[in-house]
> 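Structure provided below as structure tokens; questions to follow.
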Amino acid sequence: MSEDDEASWAVDPDDEWGMAVIATVGRQLKLRREAAGMRACDFAVAMGYGEDLVYKVEGGKRIPRPGYLKQAEQILDAGGLVAAMQEDVAKVRYPKNVRDLAKREEKAVELQLYDPLHVHGLLQTPEYARALFRMRRPAYTAEEMEQGVAARMARKSVFEREPAPDLSFVQDEWALRRPLGGKSVLRGQLEHLLKVGQLSSVEIQVMPMDREEHAGVDGGIEVMKFGDGAAVGRSPALSHGRPVCDPKLLRILELRYGIIRGQALTPRESAAFIEDLLGET
């Protein structure tokens, strides 16, 4: 890993808000450094990084990692001003589409989620998620994989909300059998499913491979409902996968999801099924 990757992340040129945030953070770091009477080269030595990286961060070309900001706060004796930037910087490190999805998940009071290809992102362990990113083609860089895994794990805060939203997941059996990343990764993933499935707000169901009827043949389904009665849904089979709010389209998604749940094992049966899979793995 290069020094740039170790202390910072690349800025997405298509993320206007993100670029504006990082440009502001960079300017503030430069102002604090100059106010402390430190040259860029001296600051770089104190930080333990190269002068080039300092200029990149101050110029809004790189997103500083939390460790970089924490160290800068101490060296510049910034009185909490640098530390206060960490929340916005933490958001910028994730791609815009992931931030938008996370915002919707944070506001939802009910989520209905069916993923036919692999374990749903909200249920993935870091190891399983990393294995998936490693298999993407064209291949991701190490930095892109790390950002992707971190963003996916950050979305798990939805499980910690109070009050907790109602979360319903349906997973196809084959996705729980395929040892993506290796058997040890799969074991960890199955153990995690059993643990999450014990939460009172979560129901996980398995769609067995021997079912002769399956309402999910057209692809995954996501439906999010909000406290004000609004809802948004998405499926590859509707509107080319774009999010939809039209009640008629949402009714189709909910109808399909309801049938899928009826065809799948019950949550209790699914937990026993996953335990059996774990014993086989």
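All values below were derived from every heavy atom in this structure, side-chain atoms included, with hydrogens, water molecules and symmetry-related copies excluded. Because the structure is a prediction, the values reported are computed rather than measured.
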> Check for a donor-acceptor pair, side chain of Q124 on one end and backbone N or O of V119 on the other, with a separation under 3.5 Å.
yes
> Tell me whether R211 is salt-bridged to E173, with the criterion being a basic N under 4.0 Å from an acidic carboxylate O.
no
> With a 4.0 Å cut-off on N to O distance, would you call R32 and E73 a salt bridge?
no
> If I take atom CZ from residue R134 and atom CG from residue L180, how far apart are they, to the nearest 0.5 angstrom?
11.5 Å
> Does R187 reach the main-chain N or O of T281 with its side chain, forming a donor-acceptor pair under 3.5 Å?
yes
> Between the main-chain N or O of H120 and the side-chain N or O of Q171, is there a donor-acceptor pair closer than 3.5 Å?
yes
> Among the clusters formed by ILVMFWY side chains lying less than 4.5 Å apart, do V170 and L122 turn up in the same one?
no
> Got L111 and V223 here, is their nearest side-chain heavy-atom distance under 4.5 Å?
no
> To the closest 0.5 Å, what do you measure between CD1 (I22) and CZ (R27)?
11.0 Å
> Hey, does the side chain of S270 reach the backbone of V206 with a donor-acceptor pair shorter than 3.5 angstrom?
yes
> In plain terms, say whether E280 and R177 are close enough for a salt bridge, that is, a side-chain N and a carboxylate O under 4.0 Å apart.
yes
> For a 4.5 angstrom cut-off between non-hydrogen side-chain atoms, does D218 reach P236?
no
> Sort out for me which residue in V54, L69, T24 forms a side chain to side chain contact (heavy atoms under 4.5 Å, CB included) with L29.
L69
> Test side chain to side chain donor-acceptor pair (under 3.5 Å) on E269 and T266 and set out the steps.
CA-CA 5 Å; E269 292 169 340; T266 67; 3.3 Å; yes
> Is the side chain of H240 donor-acceptor paired with the backbone N or O of R242 at a distance under 3.5 Å, no angle test?
no
> Mind running side chain to side chain contact (heavy atoms under 4.5 Å, CB included) on I274 and D276 for me, showing each step along the way?
CA-CA 5 Å; I274 294 172; D276 289 341; over 6 Å; no
> Please give me the minimum heavy-atom distance between A264 and P208, naming the atom from each residue.
CA-CD, 4.4 Å
> Would you say the side chain of Y49 lies within less than 4.5 Å of the side chain of V57, judging by non-hydrogen atoms?
no
> Can any side-chain N or O of W174 pair as donor or acceptor with the backbone N or O of P116 at less than 3.5 Å?
yes
> So which atom in Y128 and which in A175 form the shortest heavy-atom distance, rounded to 0.1 Å?
OH-O, 4.2 Å
> Under a 3.5 Å distance rule, please check whether Q205 uses its side chain to pair with a backbone N or O of R261 as donor and acceptor.
yes
> Could you grab the distance from atom CD of E191 to atom OG1 of T125, nearest 0.5 Å is fine?
10.0 Å
> Report yes if some heavy atom in the side chain of I260 is under 4.5 Å from a heavy atom in the side chain of I221; otherwise report no.
yes
> Rounded at 0.5 Å granularity, tell me how far CD in E203 sits from CD in Q112.
11.0 Å
> Applying side chain to side chain donor-acceptor pair (under 3.5 Å) between Y140 and each of R136, R137, E144, report the one that passes.
R136
> Is there a path of hydrophobic side-chain contacts, each under 4.5 Å between heavy atoms, that joins V109 and L253?
no
> Determine the minimum heavy-atom distance between M153 and P126, stating which atoms define it.
SD-CG, 3.6 Å
> If you look at every heavy atom in K107 and R161, which pair is closest and at what distance?
N-NH1, 4.0 Å
> Would you say L76 and M38 make side-chain contact, with heavy atoms under 4.5 Å?
yes
> Would a 4.5 Å heavy-atom cut-off, applied to side chains only, mark I252 and L238 as touching?
yes
> Side chain to side chain contact (heavy atoms under 4.5 Å, CB included), that's the test. Do K156 and F159 meet it? Break it down for me.
CA-CA 6 Å; K156 289 178 176 289; F159 293 106; 4.2 Å; yes
> Establish, yes or no, whether a centroid distance under 6.0 Å links the rings of H214 and Y114.
yes
> Picking from Q28, K30, R33, what satisfies side chain to side chain donor-acceptor pair (under 3.5 Å) with E58?
R33
> Kindly give the heavy-atom pair with the smallest separation between V158 and P165, and that separation in Å.
O-CD, 3.6 Å
> Take V196 and F169 through the side chain to side chain contact (heavy atoms under 4.5 Å, CB included) test and state the conclusion after the steps.
CA-CA 11 Å; V196 175; F169 299 88; 5.6 Å; no
> Roughly how far, to the nearest 0.5 Å, is the CG atom of L53 from the CE atom of M47?
8.0 Å
> Which one of R152, K225, R155 satisfies the salt bridge (Lys or Arg N to Asp or Glu O under 4.0 Å) criterion with E105?
R155
> How far apart are the closest heavy atoms of C245 and V232, and which atoms are they?
SG-CG2, 4.1 Å
> Could you tell me whether E275 and K195 make a salt bridge, using a distance below 4.0 angstrom between a side-chain N and a carboxylate O?
no
> Are the side chain of D228 and the backbone of A230 linked by a donor-acceptor contact shorter than 3.5 Å?
yes
> Measuring only between side-chain heavy atoms, which start at C-beta, is L278 closer than 4.5 Å to L186?
no
> Assigning hydrophobic clusters by single linkage (Ile, Leu, Val, Met, Phe, Trp, Tyr; side-chain heavy-atom cutoff under 4.5 Å), is F273 placed with L123?
yes
> I need the S235 OG to Y257 OH distance, nearest 0.5 Å.
12.5 Å
> Applying side chain to side chain contact (heavy atoms under 4.5 Å, CB included), run through S168 and L113 and close with a yes or a no.
CA-CA 6 Å; S168 168; L113 306 163; over 6 Å; no
> Under a 4.5 Å side-chain heavy-atom rule over Ile, Leu, Val, Met, Phe, Trp and Tyr, are V185 and L277 clustered together?
yes
